[in-house]
Amino acid sequence: MIRINSMPHTYGKQVLILGASGAIGHALTRLLIHDPEVATIFAASRRGIQNANSKITQLYIDCENEESLAKAVEQCRQAGPLDMVINAIGLLQDGNSLMPEKGLRDIRSENLKKLFWLNSIVPALIMTHFTPLMAQDRRTIFATLSARVGSIGDNRKGGWYGYRASKAALNQLIKTASIELAFRRPKLICVGLHPGTVRSRMSEPFLTHYNNNDIFSPEFAAQALLDVLATLTPSHSGRIFAWDGQEIPP
């Protein structure tokens with residue numbers, strides 16, 4: 001059974017998943033439907049998801065339009081404080097026009113702008129808009145998907161300049177936000193999550209480089225991330241954790 005909080009409560013929890021139409025976001029949404037403590041799942045995406053479950057409230061967001069985030073905030077506000085927010089929005093590649101760089105010669109300014117927008121700036125805007133809606137009287141979680149390659153200390157292979165740098169920036173944003181939020185919301189846990197190598201449209205071009213045993217289904221990764229979140233306390237805030245619970249160095 002999935003638990004987003006180890007302590008039982010009489011209220012129904014409010015959960016927000018951003019990027020709910022993506023592989024991991026959709027898997028998280030499907031899993032949380034079965035948590036008896038969850039009353040409402042706000043599934044935010046641009047494409048929408050096909051699911052008629054009564055727990056799900058779909059929200060439209062367009063990452064190119066900050067106003068759509070503000071509208072989603074108002075819809076969430078009407079339901080009461082949020083207990084958990086997971087941002088699963090991110091970008092690695094976009095077909096032939098944007099692929100991870102093998103060397104400096106491959107860097108393009110327009111691609112760097114796209115990567116930093118979706119992997120760094122959008123998560124910062126999400127923190128700005130949605131953390132004020134999170135409950136203050138109980139344990140809450142704000143988590144955003146990061147990546148092991150965003151670790152400067154763990155960078156041994158080079159390459160992938162834009163993706164690495166944009167995720168490193170995200171990790172710094174998570175750390176910085178956690179310091180501020182600790183004063184205003186001491187029970188809030190703000191963390192980054194590395195889901196491992198997950199089979200998805202985004203990762204498909206690179207899966208031939210991995211052993212099949214190292215490639216996770218979206219469902220496996222989503223369950224692993226929820227299991228990690230269930231173990232965290234506010235003392236873990238500001239840190240980055242992998243799917244297996246191991247902390248990733250900055």
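No donor-acceptor distance shorter than 3.5 angstrom exists from the side chain of R239 to the backbone of V191, with no hydrogens or angles considered. No donor-acceptor pair closer than 3.5 Å links the side chain of W243 to the backbone N or O of T197. Looking at R139, its side chain never comes within 3.5 Å of a backbone N or O of K187 through a donor-acceptor pair. No donor-acceptor pair under 3.5 Å is formed between the side chain of R148 and the backbone N or O of N155. Judged purely by atom type and a 3.5 angstrom limit, R138 has no side-chain atom pairing as donor or acceptor with the backbone of D83. Counting only distance, with no hydrogens or angles, the side chain of K55 and the backbone of H34 share no donor-acceptor pair below 3.5 Å. Listed for the K13 side chain is no donor-acceptor partner under 3.5 Å among the backbone atoms of M84. In this structure, the side chain of S146 does not engage the main chain of H194 through any donor-acceptor pair within 3.5 Å. A distance-only check finds no donor-acceptor pair linking the side chain of T40 to the backbone of Q14 [under 3.5 Å]. Remark: the backbone N or O of C190 is paired with a side-chain donor or acceptor of S237 at under 3.5 angstrom.
Between W160 and Y163, the ring planes are perpendicular. Angles over 60° get that label, and only those under 30° would be called parallel.
For the pairing with N119, the side chain to side chain contact (heavy atoms under 4.5 Å, CB included) check across L92, L91, I89 returns one residue only, L91. Only one option out of T29, L59, N87 pairs with I17 in a side chain to side chain contact (heavy atoms under 4.5 Å, CB included); it is T29.
You'll find the side chain of L188 stays beyond 4.5 Å of the side chain of I141, heavy atoms only. Side-chain contact between L31 and E219 is absent, with no heavy-atom pair separated by less than 4.5 Å. The side-chain heavy atoms of F130 and L69, taken from C-beta on, include a pair separated by under 4.5 Å. A 4.5 Å side-chain heavy-atom check between I215 and V198 finds every atom pair outside the cut-off. With a 4.5 Å cut-off on side-chain heavy atoms, I240 and P250 do not count as touching.
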> Hey, mind stepping through L145 and I24 against side-chain contact (heavy atoms from CB on, under 4.5 Å) and telling me if it holds?
Replying inline: CA-CA 9 Å; L145 295 191; I24 297 177; 3.9 Å; yes

>> I'd like to know whether I86 forms a side-chain contact (heavy atoms from CB on, under 4.5 Å) with L18, so could you lay out the CA-CA distance, the side-chain angles of the two residues, the decisive distance to 0.1 Å, and finally the verdict.
In response: CA-CA 6 Å; I86 301 180; L18 297 114; over 6 Å; no

> Under the side-chain contact (heavy atoms from CB on, under 4.5 Å) criterion, do V15 and V85 qualify, and how do the steps go?
Replying inline: CA-CA 6 Å; V15 177; V85 175; over 6 Å; no

>> Does H129 form a side-chain hydrogen bond (donor to acceptor under 3.5 Å, both in side chains) with E66? I'd like the steps, not just the answer.
In response: CA-CA 10 Å; H129 283 285; E66 191 175 351; 3.0 Å; yes

> Between I126 and F142, does a side-chain contact (heavy atoms from CB on, under 4.5 Å) hold up when you go through it step by step?
Replying inline: CA-CA 10 Å; I126 289 170; F142 182 97; 3.8 Å; yes

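Taking OG1 of T144 as the reference point, atom CG of L193 lies at 8.0 Å (rounded to 0.5 Å). We find the CG-CG distance between L225 and D244 to be 10.0 Å, quoted to the nearest 0.5 Å. The CD1 atom of I33 sits 4.0 Å away from the CG atom of N53 when rounded to the nearest 0.5 Å. Rounding to the nearest 0.5 Å gives a distance of 11.0 Å between CD1 of I121 and CG of L115. The distance from the CD atom of Q246 to the CZ atom of F241 is 10.0 Å, given to the nearest 0.5 Å. To the nearest 0.5 angstrom, Y161 atom OH is 11.5 Å from L112 atom CG.
Looking at R108 and E101, no side-chain N of the basic residue comes within less than 4.0 Å of a carboxylate O on the acidic one, giving no salt bridge. The pair D154-R156 counts as a salt bridge, with a side-chain nitrogen and a carboxylate oxygen less than 4.0 angstrom apart. A salt bridge links R184 and E180; the closest N-O separation between the charged side-chain nitrogens and carboxylate oxygens is under 4.0 Å. With respect to the salt-bridge test (charged N to carboxylate O, under 4.0 angstrom), the residues K71 and E74 do not qualify.
Side-chain heavy atoms closer than 4.5 Å link hydrophobic residues (I, L, V, M, F, W, Y) into clusters, and following such links, even through other members, never connects W117 to I174. Both L226 and I56 are assigned to one and the same hydrophobic cluster, defined by single-linkage of ILVMFWY side chains at heavy-atom distances under 4.5 Å. Linking Ile, Leu, Val, Met, Phe, Trp and Tyr residues whenever their side-chain heavy atoms come within less than 4.5 Å places L125 and L118 in a single cluster.
Contact record, M134 with R185: O-NE, 3.1 Å, taken as the closest heavy-atom pair. Between S21 and I49 the shortest heavy-atom distance is CA-CG2, 3.7 Å. Taking all atoms of both residues into account, the shortest heavy-atom contact from C76 to L133 is CB-CD1, 3.8 Å. In terms of heavy atoms, A23 sits closest to P218 at O-CB, 3.5 Å. Closest approach of A20 to S45, counting heavy atoms only: N-CB, 4.0 Å. When all heavy atoms are compared, the tightest approach of K114 to S97 is NZ-OG, 4.5 Å.
Atom CZ of R46 is surrounded by 12 or fewer heavy atoms from other residues, nucleotides or ligands within 6.0 Å. Annotation for I152: atom CD1 does not count as buried by contact number, only 12 or fewer foreign heavy atoms lying within 6.0 Å. Counting non-hydrogen atoms of other residues, nucleotides and ligands closer than 6.0 Å to CD of E110 gives a total above 12.
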